Amino acid sequence: MARLMVIAGGSWQCPIVKTAKEMGHYVVCTNLYEDSPAFKFADASVVINVLDKEGNLKVAEEYKPDAVLTEQTDIAVPTVAYVAEQCGLKGIGSDVAGRFTNKFRMREYASSAGIPMPKYRLCHSVDEAADFLSDMETCIIKPIDSQSSRGIHIVKTRDEIAEYFDDCVQYSNADRAILIEEFIDGTEFTVDGVKTGSEYVVTAISQKDHYEYNPSVANRLVFTHHNDRYDYDSLRSENTRLIAAMGLPFGLTHTEYKYRDGKFYLIETAARGGGTKISSDITKLVSGIDCNRLYLNMLTGGSEEIIRGSKHDCAVLGFFDFKPGTITDIKGVEEALKQPGVHDIKLEVKVGDTLMQAQDDRSRCGYYILFADSLKELCDRERRLKETVKVITK
Ligand SMILES: Nc1ncnc2c1ncn2[C@@H]1O[C@H](COP(=O)(O)OP(=O)(O)O)[C@@H](O)[C@H]1O
Ligand SMILES: [Mg+2]
């Protein structure tokens with residue numbers, strides 16, 4: 001048994017805390033809110049902002065953990081690295097943590113390794129950004145170190161940059177600056193992987209679909225080993241080169257790409273697992289590797305051997321899309337959970353709630369995870385699940 005300090009305690013951190021407990025470890029979890037979902041699975045909890053490095057260090061000094069970690073949130077990655085450094089524990093180091101969370105540094109590192117990426121510039125003013133835009137039709141502005149699409153805007157004119165600059169820069173922490181990038185119009189992909197001391201393995205690749213009414217919110221990620229239209233072998237090797245260039249010593253990775261004109265362009269890469277149970281459940285379904293256990297083993301001096309169990313050909317992470325209105329009835333969840341290939345269903349709404357169309361990743365009303373051994377079987381299972389789960393609105 002080891003003593004673990006888990007920084008961040010939202011819903012998506014529950015799986016890593018539960019796995020740590022199943023493995024027999026003691027867990028102290030820190031997060032900003034008293035009713036943080038992961039607290040109820042931990043042995044102890046401390047209410048503190050995950051961004052507060054010194055505060056989290058004090059917690060570590062009190063609890064004396066053998067390892068400190070986070071699994072699902074970028075903003076905790078630099079705090080974990082700092083606490084580990086100060087306490088002499090295994091970690092990725094503050095410099096590497098900065099590379100993975102500061103989007104400008106990420107671009108500088110990855111471009112030096114020859115990874116295709118959009119043209120970009122670090123800007124401290126509207127004028128600088130407008131100068132960059134003058135060579136291009138469409139750009140995107142983003143804070144240098146935020147997450148969950150906060151402060152991100154597509155811009156086509158100087159006026160639009162002026163309109164959104166302040167909203168964007170308010171989410172930048174490291175510097176009063178923003179990143180402006182060429183807008184890549186193309187299909188999106190996610191690539192998850194795990195790095196041990198000796199090797200890096202890509203565990204899952206997905207192609208993303210988006211809601212028709214809101215193309216910036218994903219409604220479906222289809223995980224397969226091969227894709228008839230896109231060369232996944234080259235994507236795997238590009239991602240492996242990227243992670244080597246970033247210098248990650250160990251841990252989980254989640255990277256986003258967009259494909260245009262024969263190239264996979266890097267959007268961003270993170271030193272953590274993919275959200276909505278990608279790293280805890282989906283990577284295991286399609287690769288046979290239990291990434292979270294392996295990650296905990298790496299932190300606690302256990303075996304780093306990559307053990308591959310049985311795996312499936314494909315999986316889908318889908319987000320429900322019901323007719324907007326007030327919910328009068330919810331049917332079929334229990335029944336659908338018994339259908340073959342249904343791994344998980346979660347509806348985050350109840351009778352009486354008002355449903356709206358998804359505005360961002362957080363306003364989606366629920367998800368499902370399915371697996372199968374052919375794409376046809378996956379689509380059949382998905383159709384059956386959608387016929388079974390009904391949310392009636394008026
Ligand atoms: N250069 C770009 N071209 C096209 N789309 C982009 C670009 N950069 C970001 N996006 C889109 O915006 C989303 C959020 O941007 P990202 O850099 O991943 O920030 P965040 O950390 O907030 O997730 C991406 O998932 C992608 O859909
Ligand atoms: Mg992103």
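Counting from 1, the numbers follow the sequence of the chain as shown. Read the numbers this way: they start at 1 and go in the same order the structure lists the ligands and their atoms. On a predicted model such as this, the values are computed, not experimentally measured, just so you know.
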*Asks:* Show which atoms of ligand 1 fall inside a sub-4.0 Å distance from at least one heavy-atom site of Ser146.
*Replies:*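 Answer for ligand 1: 21 (O).
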*Asks:* Would Phe189 and Tyr230 satisfy ring pair (Phe, Tyr, Trp, His ring centres under 6.0 Å), going step by step from the backbone distance to the final call?
*Replies:* CA-CA 10 Å; Phe189 297 87; Tyr230 304 97; 4.9 Å; yes
*Asks:* Purely on distance, is any nitrogen or oxygen of Glu268 under 3.5 Å from one on ligand 1?
*Replies:*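 Yes.
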*Asks:* Determine whether the side chain, the backbone, both or neither of Ile140 has a heavy atom under 4.0 Å from any heavy atom of ligand 1.
*Replies:*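 It is the side chain that touches ligand 1; the backbone stays farther off.
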*Asks:* Are Phe320 and Tyr368, when compared by the centres of their aromatic rings, separated by less than 6.0 Å?
*Replies:*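 Centroid separation for Phe320 and Tyr368: below 6.0 Å.
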*Asks:* Cationic tip of Arg121 within the cone over Phe132's six-membered ring, i.e. under 6.0 Å and within 45° of the normal?
*Replies:*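 The answer is no, since Arg121 fails at least one limit relative to Phe132.
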*Asks:* Is the shortest heavy-atom distance from the side chain of Phe100 to the side chain of Thr269 under 4.5 Å?
*Replies:*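 Yes. Closest side-chain heavy atoms under 4.5 Å.
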*Asks:* Would Lys208 count as being in polar contact with ligand 1, using the rule that some N or O on each side must be under 3.5 angstrom apart?
*Replies:*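 There is no such contact.
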*Asks:* Which atom, among the N/O/S set of Glu268, is closest to the Mg ion (ligand 2)?
*Replies:*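 Closest N, O or S atom of Glu268 to the Mg ion (ligand 2): OE2.
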*Asks:* Using the ring of Phe41 (Phe, Tyr or Trp, six-membered ring only), decide whether Lys21 places NZ or CZ under 6.0 Å from its centre and within 45 degrees of its axis.
*Replies:*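 No - Lys21 does not lie over the ring of Phe41 by the 6.0 Å and 45° rule.
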*Asks:* Given Glu188, Arg107, His210, identify the one with the heavy atom nearest to atom 27 (O) of ligand 1.
*Replies:*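 Among Glu188, Arg107, His210, the closest heavy atom to atom 27 (O) of ligand 1 belongs to Glu188.
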*Asks:* With Arg220 as the cation and Phe319 as the aromatic partner, state whether NZ or CZ is under 6.0 Å from the six-membered ring centre and within 45° of the axis.
*Replies:*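 Here Arg220 fails the 6.0 Å and 45° test against Phe319.
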*Asks:* Side chain or backbone of Ile152 under 4.0 Å from ligand 1, or both, or neither, by non-hydrogen atoms?
*Replies:*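 The side chain, only.
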